[in-house]
*Asks:* 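Below are the structure tokens for one structure; questions will follow.
The chains referred to below are lettered A, B, ... by the order of the sequence lines, with proteins before strands, and numbering in each begins at 1.
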Amino acid sequence: MAKDTDTGADTGYMGGDKELKWVGTRPPRPDGVDKVTGRAKFGADFYVPGMLIGKVLRSPHPHALIKSIDTSKAEALTGVKAVLTRDDFGDRSSEFVPAGEMMVNYRDIVRNVMAREKALYEGHAVAAVAATSNAIAKQALKLIEVDYEPLPHVIDAVEAMKPDAPLLHEDMITDGVEPAPTKPSNVAKRVEFTIGDVEAGFAAADVVIERAFDTSPVHQAYIEPHACVASVSEDGQAELWTTTQGHYVARAHCARLLDMDISKIRVTASEIGGGFGGKTVVYLEPLALGLSRKACQPVKMVMSRDEVFRASGPTSGAHMKIKVGATKDGKITAGQAELIYQAGAFQGSPVQPGAMCAFAPYDLENVKVVGWDVVTNRPKVAAYRAPGAPISEYAVECVIDELAKRLGIDPIDLRLANAAKEGTRAAYGPKFGPIGLVESLEQAKAHPHYQAPLGPNQGRGVASGFWFNIGGETCASLIVNEDGTAALTLGTPDIGGSRASLCMMAAEELGIEYDRVRPIIADTASLGYTFLTGGSRATFSSGLAVIEAARDVVRQLCERAAKIWEIPTDAVEWADGTAKPAGANAGDFEPMSLAAIAAIAGKTGGPVVGHAQINAQGAAPSFGTHLVDVEVDRETGRVTVLRYTVLQDAGKAIHPAYVEGQFQGGAVQGIGWALNEEYIYGPDGKLENAGFLDYRIPVASDVPMIDTVIVEVPNPRHPYGVRGVGETPIIPPMAAIANAIENALGIRFTELPMSPPRVLKAIDEMAAAE
Amino acid sequence: MAKIHVSTTINGDAVEFLCEPEETLLDVLRDGLGLTGSKEGCSSGDCGACSVLLDGRLVCACLVMGAELGGCEVETIEAMAHGDVLHPLQSKFIEHAALQCGVCTPGILVAAKALLDKNPDPSETEVRYWLAGNLCRCTGYDKIVRAVLDAAADMRGS
Amino acid sequence: MNDMRYEAPDTIDGAVALLAGGRGEVRALAGGTDLLVQLRAEMIAPELVVDLKRIPELRSIAAEDGGFRVGAAVSGAELGEHPGVKALWPGVVEAVELIGSTQIQGRASLGGNLCNASPAADSVPAMIAARAVARVAGPAGTREVPVEEIAIGPGKTSLAKGEIVVSVLLPARPARSGDAYLRFIPRTEMDIAVVGAGVSLTLDESGVCSAARVALGAVAALAMLVPEAAAALVGTTLDEAALERLAAAASGACRPIDDKRGTKEYRIKVAGVLARRAALIAAERAGRS
Ligand SMILES: Cc1cc2nc3c(=O)[nH]c(=O)nc-3n(C[C@H](O)[C@H](O)[C@H](O)COP(=O)(O)OP(=O)(O)OC[C@H]3O[C@@H](n4cnc5c(N)ncnc54)[C@H](O)[C@@H]3O)c2cc1C
Ligand code: FES
Ligand code: FES
């Protein structure tokens, strides 16, 4: 077994034959009772004595010069304790740092948090106030006088690329183009991934399909709005409670934007009411800290739903051209894509991961993907589950389906014939280790769903998806208490039940009961830097850290037993939750349980505490395949999802119920993306549907049960074989549904969402053409 | 700015409070009384995270004025468990992993309890339509619906 | 900061006096499912809010001349639980029950739906088709107003200052009658109607339609009665040709706008589809075999 040099521990796969007591079972989650009784404290649930209420003034214009801001009247209002504008933030030079799977630039974060020269989208923060009540804070916002000079705006990415388009950033020179352009534009970056020779590949093809696709930006739409409480004392010591996917990352951003030492800011992550990537960025936190620093009083800030839609998230909308060639017998000879992703007001759309993933499910010799990152007068995009991948893979999976139809080959068979497998070199560089795409396709084909009969106006679709998954810096501590219970200290906020899985791994390693391990998510002062929950990394990376911390504990327990028995440490082994002499030569001693050793730890060297601080490597990709049946109402264009099955490789499901939950939740988010979710802008550049009534995420009556099949092809770089599972499930639904509608109607839709007016129009046009 | 004095009953206890005219029942519960189990996801009636019972009817606390509550009875998620005994719906939600982030959970539990009190044997479709005003972005609803159906079956059995 | 006052009178006269005497903007409050949203969005800033829910006449349902008088502040949930109204006017009740979620149903009223004067209000086309009459009380006394005359534009009503809707009379109906309301929304719940269609009709003993009313919502600035659509049904057995004419008349009457909820052409087409489907359900309820 390979020694993992990156973590310094033997964290390779242990093999599937070890009998496991906890891993793979479904115990209740440690925070379950708090969550079902209303006791759990989410971002907006913190109240501190003497707390002020902070509110943000937002730009009513999609694009405007900010000539001046006069806050004097607001400051004079009784009850107003602090006002913040661009003048309170120093400028930052261009510097990219990772946030989730995306990179962010401090020059841009400081401008997104508080507009500087210009307001770049409707809803862009322009000033903030803190006051003794909500009503006074609201009144104060009305007293702030901002002199705007409205500028022409551009909402659509393709429009924004035109030479005469309104320019958002006067100094933006397209990166990645040779020779470098001399004129600024709204195109931030060009990326390209190429292997082989696509022209030769297309020349060898019998069939070539070329299609253009459009997708609309969609919001993560977590139910809990952004919220935080900041408290800065007179000596500059700061406390921050916030709902975030990464409190260490939030701390780093705040320290940088506010010129504070990292040690001065202690961040506690609240329970988090959904994030899906959207809570990897800071919006309110620097403002709350800034206001609190001025007022020397705690400040609470909570976004309204309207603000969440206008000023946070969403993910990119895109315009894409896909070209795929294949031989008659179904061998894909070349794949080509051009991807234009809109980034919102600042560069940094997920076009790079989108480009890397586009053809990743396939073993292709010739691939060329070119991506463009384009700024527009919309909120800056944030990560959303597998950022970038659902968009490009949607387009490719639609073309693969069309190819299957054209060739008369079953769509699963066509995918199987070209599927990536162990040893395939992906277009973006690396060679895949063991992966589960073929298994997911084979199980899809064998699933009763795939054979079930369909009625009139019904259709079935299939699509696959790929996501990398990530590792990264992670810490964990495992404290053995005097009574033999354990406290597990973690650094990754728990969005979907990861605490349960992590306690299960700790219990498994220590050989104690699951409910004797009690987890907490530590604040940033209590545990070393841990990268955020995102990239499907929480269970994988924190899992590796927990296993290593537990093995550290076991080493110490064996030492203690050796001391008590007065034999060498290497003569003691750990089995079934007890220290035992390793073989007859070691001596004849009664095995000592963890509890027995813990009870006298004071006499054998003090408390037993295990630590791990790692940079987790070896994250393995997860592939999945989805099956969906739809029915179309030909008179209204309504598409109803009748049946849905997700088959995805989890490597190893630590807690299968929460793995299924990820599959189901991702699939339903994808159903929303496919059918109804979109950002609707008026000609004035203002968002028209900034609420849940008109931004239509699926409701309970919109969807059927979501069947799941957990495929397990172990990750060789994890002791239990874990792969991240959280992101892949949102990738296949859009194409699977488009393919199902095509199957029902014979009409290929190339634009998302496939909303009733669009579907009805296409049906009527087809009828008129016949 | 005259505050309004209101006497009401919350979770069986007589409660008096002062509120601003524009404060909602949700504001009163959360900011005034420290009952933060009811969540605010939208404050416009669209998400159901603030679901409570008002005189026995399921309502959005964000769409009720605090001032209206004189003489009313309000029941929130905080009253669902009795002592250390969880309501069957609460236990089933944990058992079925019917929550991920859990921010929608209090509202969904209050709504589901209102359903089972009225209809002890709902169909899957009835559960889905009854809960259509409770948005959940994490679970895809599958395990929520299963947990409600299973709790109903359990409660009928006992 | 905010000097909004809240009053909860327990008589109609008390409410009328308060509303008529208010200095600035005054608002009646029923279920609050429109009012509170508008307050929060700062679309309105009334000086006085008068809660009507403590007035018995506005909270009761009573049989009257073979029909039912429904208090304007009765909630959707209460109306849905009333077996009598549901049996007599199932289309009106289903329209009210379509409003919002279970939670909204716990509060939303027929009177509020009518007086909010949204062109997309679900209960209004159904009530128009049902020939419902609103009883309006005000400083000048009480008057009876056909429901279609309450709204006069999006968000605007014909009510004078101090006037409130006390109740709505859903009249008696002849034998072999039925009504139905359908709306189109992109999801299955929690959306505002893109198109709504209410149909009420009576069949004679041979199954021929002897009277009909068809009303549409969300396809013009006001919910509207479409006499041409009704005429397409009268004298027919709702055969395919009659249904075609009904759909064409319904589509032809639409004067919709393009907005975030739907395009003009979509609304026009779907109005015909829904009118036709609603007519068939109404006929089935009228005992069509
Ligand atoms: C989440 C959500 C979903 C919704 N879905 C729908 C839907 O599907 N279909 C639909 O049609 N509507 C919908 N609505 C809108 C609203 O629920 C309905 O219009 C409802 O019927 C309003 O009734 P109410 O009693 O709550 O009115 P209120 O909010 O109390 O009042 C509405 C307006 O009417 C006035 N008013 C109320 N009663 C009287 C009276 N008796 N006399 C004079 N004036 C009066 C008020 O001053 C106010 O201007 C929805 C609202 C929400 C928040
Ligand atoms: S907060 Fe009340 S419904 Fe969303
Ligand atoms: S569990 Fe997160 S919104 Fe429902």
*Asks:* Give, for atom CD of A:Gln669 and atom SG of B:Cys138, the distance between the pair rounded to the nearest 0.5 Å.
*Replies:* 7.5 Å

*Asks:* Are the side chain of B:Arg128 and the backbone N or O of A:Val703 linked by a donor-acceptor pair below 3.5 Å?
*Replies:* yes

*Asks:* Taking it one step at a time, do B:Arg137 and A:Gln220 satisfy side chain to side chain contact (heavy atoms under 4.5 Å, CB included)?
*Replies:* CA-CA 8 Å; B:Arg137 189 60 157 170; A:Gln220 298 83 347; 6.0 Å; no

*Asks:* With chain A, which of B:Asp27, B:Leu89, B:Ile94, B:Thr76 has the greatest number of heavy-atom pairs at distances under 4.5 Å?
*Replies:* B:Ile94

*Asks:* Let me know if A:Tyr644 has heavy atoms under 4.5 Å from chain B in its side chain, its backbone, both or neither.
*Replies:* neither

*Asks:* Is there a salt bridge (Lys or Arg N to Asp or Glu O under 4.0 Å) between B:Glu78 and A:Arg39? Walk through the geometry before answering.
*Replies:* CA-CA 8 Å; B:Glu78 282 89 352; A:Arg39 190 177 281 107; over 6 Å; no

*Asks:* Let me know if B:Phe93 has heavy atoms under 4.5 Å from chain A in its side chain, its backbone, both or neither.
*Replies:* side chain

*Asks:* What is the distance from atom SG of B:Cys42 to atom OH of A:Tyr695, rounded to the nearest 0.5 Å?
*Replies:* 15.5 Å

*Asks:* In terms of heavy-atom pairs under 4.5 Å, which option from A:Val308, A:Ile697, A:Asp34, A:Asp702 contacts chain B the most?
*Replies:* A:Ile697

*Asks:* Quick one: do A:Met705 and B:Glu124 satisfy side chain to side chain contact (heavy atoms under 4.5 Å, CB included)? Show the steps, please.
*Replies:* CA-CA 10 Å; A:Met705 292 296 187; B:Glu124 179 194 332; 3.9 Å; yes

*Asks:* Applying side chain to side chain donor-acceptor pair (under 3.5 Å), run through A:Tyr47 and B:Asp31 and close with a yes or a no.
*Replies:* CA-CA 8 Å; A:Tyr47 290 79; B:Asp31 301 340; 2.6 Å; yes

*Asks:* Side chain, backbone, both or neither: which part of A:Val302 has a non-hydrogen atom closer than 4.5 Å to chain B?
*Replies:* neither

*Asks:* Is it the side chain or the backbone of A:Ala667 that comes within 4.5 Å of chain B heavy atoms, both, or neither?
*Replies:* neither

*Asks:* Where on B:Thr139 is there a heavy atom nearer than 4.5 Å to chain A: the side chain, the backbone, both, or neither?
*Replies:* backbone

*Asks:* How far does CG of A:Asp45 sit from CD of B:Glu40, to the nearest 0.5 angstrom?
*Replies:* 10.5 Å

*Asks:* Is A:Pro704 in contact with chain B via its backbone, its side chain, both, or neither, using a 4.5 Å heavy-atom distance?
*Replies:* backbone

*Asks:* Give a yes or no answer on whether the side chain of B:Gln100 reaches the backbone of A:Gly661 with a donor-acceptor pair at less than 3.5 Å.
*Replies:* yes

*Asks:* Would A:Arg29 and B:Leu99 count as a side chain to side chain contact (heavy atoms under 4.5 Å, CB included) here? Give the steps.
*Replies:* CA-CA 10 Å; A:Arg29 60 196 275 169; B:Leu99 50 139; 3.8 Å; yes

*Asks:* On a heavy-atom basis, which atom in B:Gly41 and which in A:Pro225 lie closest, and how many Å separate them?
*Replies:* O-CG, 4.0 Å

*Asks:* Measure the SG-CG distance between B:Cys101 and A:Asp494 for me, rounded to the nearest 0.5 Å.
*Replies:* 10.0 Å

*Asks:* Spell out, as yes or no, whether a donor-acceptor pair under 3.5 Å connects the side chain of A:Glu224 to the backbone of B:Val103.
*Replies:* no

*Asks:* Given side chain to side chain contact (heavy atoms under 4.5 Å, CB included), test A:Asn134 with B:Glu20 step by step and report yes or no.
*Replies:* CA-CA 11 Å; A:Asn134 201 31; B:Glu20 310 278 349; over 6 Å; no

*Asks:* Salt bridge (Lys or Arg N to Asp or Glu O under 4.0 Å) between B:Asp46 and A:Arg305: does it pass, once the steps are laid out?
*Replies:* CA-CA 10 Å; B:Asp46 304 325; A:Arg305 179 55 53 185; over 6 Å; no

*Asks:* I'd like to know if the side chain of A:Arg26 and the backbone of B:Glu95 have a donor-acceptor N/O pair within less than 3.5 Å.
*Replies:* no

*Asks:* Tell me, do A:Thr37 and B:Leu86 make a side-chain contact under 4.5 Å, heavy atoms counted?
*Replies:* yes

*Asks:* If I take atom SG from residue B:Cys104 and atom NZ from residue A:Lys35, how far apart are they, to the nearest 0.5 angstrom?
*Replies:* 10.5 Å

*Asks:* So which of A:Val36, A:Val699, A:Asp31 has the biggest tally of heavy-atom pairs under 4.5 Å with chain B?
*Replies:* A:Val36

*Asks:* Locate the shortest heavy-atom distance separating B:Gly102 from A:Phe42; write the atom from each residue and the value.
*Replies:* C-CZ, 3.7 Å

*Asks:* Quick check: does any side chain N or O of B:Tyr141 sit under 3.5 Å from a backbone N or O of A:Val668, one acting as donor and the other as acceptor?
*Replies:* no

